[in-house]
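Encoded as structure tokens, the structure appears first; notes follow it.
When reading the values below, keep in mind they use all heavy atoms of this one structure, side chains included, and skip hydrogens, waters and symmetry mates.
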Amino acid sequence: MLNTIQEAILAAMARQADAHLPIRLIILKSRQKGVTTLVQALFFLSCIEHGGLSGLTVAHRADDTEEIFNKSLRFLSGMPGGTMLGHRG
């Protein structure tokens with residue numbers, strides 16, 4: 001279930017996609033609004049839907065980068081038949 005901020009971001013992305021524009025957003029974000037989770041989920045879906053893609057997430061601290069990456073692992077484990085495909089932990 002999406003919150004109001006996540007819905008607004010997806011709506012903005014849809015408008016750009018419908019206009020056949022590259023999707024580009026500048027999001028001035030505050031903490032705990034679900035923006036990072038939404039973006040990570042979209043990256044995750046793109047990577048599993050389109051073979052050969054890689055995703056990269058970098059934060060200002062290594063432990064934050066790892067925490068964000070772990071969201072993708074939670075997405076994967078929550079999928080039906082979710083396994084650690086290709087994970088080199």
Side-chain angles (χ1 to χ4, degrees):
M1 181 158 117
L2 300 173
N3 65 37
T4 304
I5 292 170
Q6 292 168 326
E7 288 175 352
I9 291 168
L10 286 179
M13 293 173 73
R15 285 190 299 273
Q16 292 179 22
D18 290 346
H20 304 286
L21 297 170
I23 297 172
R24 296 190 176 124
L25 300 173
I26 297 173
I27 302 169
L28 303 176
K29 71 180 250 10
S30 58
R31 297 190 46 79
Q32 305 302 313
K33 300 296 182 185
V35 175
T36 300
T37 300
L38 175 65
V39 170
Q40 198 65 17
L42 294 171
F43 286 171
F44 174 79
L45 286 173
S46 292
C47 287
I48 64 169
E49 287 181 350
H50 306 285
L53 290 182
S54 297
L56 175 67
T57 301
V58 179
H60 62 291
R61 293 187 333 221
D63 57 330
D64 290 330
T65 300
E66 185 172 343
E67 182 179 327
I68 294 168
F69 174 74
N70 286 337
K71 291 177 187 293
S72 288
L73 297 179
R74 285 194 298 277
F75 299 149
L76 182 61
S77 68
M79 293 178 62
T83 63
M84 302 306 280
L85 298 173
H87 176 61
R88 295 180 297 255

In terms of heavy-atom contacts, does CD of Glu7 have more than 12 from other residues, nucleotides or ligands at under 6.0 Å? yes

With a sphere of 6.0 Å drawn around CD of Glu49, does it hold more than 12 non-hydrogen atoms of other residues, nucleotides or ligands? yes

Ile27 pairs by side chain to side chain contact (heavy atoms under 4.5 Å, CB included) with which of Val35, Leu38, Thr36? Val35

Can you name the residues that form a side-chain contact (heavy atoms from CB on, under 4.5 Å) with Leu53, not counting sequence neighbours? Ser46, Cys47, His50

Phe44: which residues meet the side-chain contact (heavy atoms from CB on, under 4.5 Å) condition with it, sequence neighbours left out? Ile48, Ser72, Phe75, Leu76, Met79

Among residues at least two apart in sequence or on other chains, which ones pass salt bridge (charged side-chain N to carboxylate O under 4.0 Å, His left out) with Arg24? none

Side chain to side chain donor-acceptor pair (under 3.5 Å) with [X]: which residues, sequence neighbours excluded?
X	value
Asp18	none
His60	Asp64
Asn70	none

Using every non-hydrogen atom in the two residues, find where [X] and [Y] come nearest and quote the distance to one decimal.
X	Y	value
Ile68	Ala59	CD1-CB, 4.1 Å
Gln16	Ile23	OE1-CA, 3.0 Å
Gln6	Leu2	OE1-CA, 3.3 Å

If Ile, Leu, Val, Met, Phe, Trp and Tyr residues are connected whenever their side-chain heavy atoms lie under 4.5 Å apart, and connections chain through other members, are Leu25 and Ile5 in the same group? yes

To the nearest 0.5 Å, atom CZ of Arg74 lies from atom OG1 of Thr37 at 7.5 Å

Gap between atom CZ of Arg61 and atom CD of Glu66 - 0.5 Å precision: 12.0 Å

